[in-house]
Amino acid sequence: MSLRLYNTLTRRIETFQPLAPPRVTMYTCGPTVWNYAHIGNFRSFLFEDLLRRHLEASGYRVFHIMNLTDVDDRTIKAAAEGGKSLSEHTEPFVRAFFEDRDFLRIRPAHVYPRATTSIAAMVELITTLLEKGYAYIGEDGSVYFSIAKFPAYGRLSQLDKRELKVGARVSSDEYDKDDPRDFALWKAASPLDEQVGAAWDAPFGRGRPGWHIECSAMALSEIARFGVKTLDIHCGGVDNIFPHHEDEIAQSEAATGEPFARFWLHGEFLNIRGTKMSKRYGNILTVRDLKEEGVDPAAFRLLVFSTHYRQPLDYNDQALEAASEGVRRLGEFHERLSEVAGEAAGKEGPATGVVAARVPEAVGEFRRQFKEALDDDLNAPQAVAALFGLVREGNRELDRGAWGPEDAWVALAAFREAMDVLDLLPGEPEIDQEFRAWVEAKVAERQAARRVRDYGRADAIRDELRARGVELEDTPDGTRWRVQRGAGTRGAVQ
RNA sequence: GGCGCCGUAGCCAAGUGGUAAGGCAGAGGUCUGCAAAACCUCUAUUCGGCGGUUCGAAUCCGCCCGGCGCCUCCA
């Protein structure tokens, strides 16, 4: 079966078909760099990473665009409060975002256009909309999009079924608009905008871009390189459906006369104790926080992929703990396969020709299930279940010696293919030389004690190591040890 | 008020008409000097509640209870 995805536009699961295969153009709404992105933001980016990787694994050539919103109400406000210019304020957060992205092993987009460096494209788009009569200049000097001129407005968010709550959130600049629902394409410059350097000259007046226009302008100018005006996929969080994506569609399609995106995918929220993360509730958790707690990025990935992207994910320590344990198990299995396959010995493994000759049933089954799960609207939980199925059966076969190097090699290849998409192998904890030497010495000392059957001494050493976060494993080939994540692994030990 | 989502074991969670995936935790066992790792077995007669449709419902319909999101710049 081929890839099927839930399209918010039609509220149905549809067979994915790009405009011009094998190319897939994908636009994902990026962070607003007014502050650190939180793990809720990263849940969305992770779902997009999964989509991107699965598309690539399926043979598509993905062109991934992610914008950086570096000018909006919040960035301006934050810059002003810090007595900085807009770019002085946002630049560190752009860097932080890239660091966090790399930490979580999210594949970098091909381009990261920024709003502040895409003003020309926005001005051009707004000019077109003014010329075509879809936009008008309000009394305050701002440019607005007239939704009355765009009959298809509201299709994505099913606005026709909605009624605005009476008295709910009335915009302060309502008086300048023809219709309260019209939205700003260009906001006339305010003194605050000028103060932080967030104002640009344009034929229709000095000002700054409205929120939505950046995505339309940047997406369209990026895909212009392919000579198209339609994205294959546009992603974002569910909260972006309205108004953000609705407005993007209106602007873009009014200007180009062509569909803006074929598939609209929206990821659900990551909640903490059932509530969305927000400054208001004071429940923000950043990737930096995870890092400080010694959380393995793979564990966070597994946690995220344990829930379907269209379901809310409830974050808590127990769930993260479970994911962490799962990741450890995957790592152990991978290591074991690698050893049996002969990699550790520096061998290249069995000849490739032999590989195809005999594929263990469990491996073939896994491959089929894994692909089918992801093809089914990115059912990552199901894919993860298939993965653990391979781990269980693989371990069983290895335990009873039914798998030789060739089988392990085939299994290893399949396992790595899956890791190419999910990327769940535990990271190597950093262990400094001094600590390593100390552990090695202790392990040798314990081995000596065991040889003379001084088990009291051996167990005492094991307890001592365990207290430092080192777990021992006695195997026929000797004692292996590993450090638990988050344990102190630096500095001299007496 | 409108639109939408959710309620499955101690925790996380798949499954949307055919008789409850997977992970973590827990219990017992195999292995081990003991452990660890791995494997095996067990752990929801039941899917918020009550009705209905159906040969058959966690899955469809209705009502109720509980939780959440969006409704103009929040992933």
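So that the names make sense, note that chain A is the first sequence line, chain B the second, and so on, each numbered from 1.
Neither OP1 nor OP2 of B/rA36 sits under 4.0 Å from any side-chain N or O of A/R446. For the OP1/OP2 pair of B/rC40 and a distance below 4.0 Å, the side-chain nitrogens and oxygens of A/R400 include no atom meeting the criterion. Phosphate proximity of B/rC39 to A/R329: present, with a side-chain N or O under 4.0 Å from OP1 or OP2. In terms of phosphate contacts, A/R392 brings no side-chain nitrogen or oxygen within less than 4.0 Å of OP1 or OP2 of B/rA38. Note on A/R396: a side-chain N or O is less than 4.0 Å away from OP1 or OP2 of B/rC40.
Contacts of A/R208 with the nucleic acid, taken as non-hydrogen atoms under 4.0 Å apart, are absent. Here A/R480 lies out of heavy-atom contact (under 4.0 Å) with every strand.
The side chain of A/P312 lies closest to B/rC5, out of B/rA37, B/rC5, B/rG33. Comparing atom distances between the A/Q382 side chain and each of B/rA14, B/rC11, B/rG33 picks out B/rA14 as nearest. Looking at the side chain of A/N395, the nearest of the listed nucleotides B/rA37, B/rC34, B/rC39 is B/rC39. The side chain of A/F242 has B/rC71 as its nearest neighbour among B/rC12, B/rG10, B/rC71. Counting only heavy atoms from C-beta on, A/S44 has its side chain closest to B/rA75 among B/rA75, B/rC71, B/rC6. The side chain of A/P381 lies closest to B/rA21 when the candidates are B/rC12, B/rA75, B/rA21. Ranking B/rC24, B/rC39, B/rC12 by closeness to the A/N316 side chain, first place goes to B/rC12.
Across all strands shown, B/rU46 forms no Watson-Crick or G-U wobble pair with both distances under 3.5 Å. Pairing for B/rG4 goes to B/rC68, judged as Watson-Crick or G-U wobble with the two contacts each under 3.5 Å. Using N1 to N3 plus N6-O4 or O6-N4 for Watson-Crick, or N1-O2 and O6-N3 for G-U wobble, each under 3.5 Å, B/rU32 pairs with nothing. Nucleotide B/rU19 has no partner under the Watson-Crick or G-U criteria, as no pair reaches both atom distances under 3.5 Å.
For the pair A/C235 and A/L265, the minimum side-chain heavy-atom distance is below 4.5 Å.
In this structure, the side chain of A/D70 does not engage the main chain of A/T90 through any donor-acceptor pair within 3.5 Å.
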For ring pair (Phe, Tyr, Trp, His ring centres under 6.0 Å), just list the numbers for A/F415 and A/H334, CA-CA rounded to whole Å, side-chain angles, deciding distance to a tenth of an Å, and then say yes or no.
CA-CA 8 Å; A/F415 188 87; A/H334 178 256; 5.6 Å; yes
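The distance from atom CZ of A/R482 to atom CD of A/E335, rounded to the nearest 0.5 Å, is 9.0 Å.
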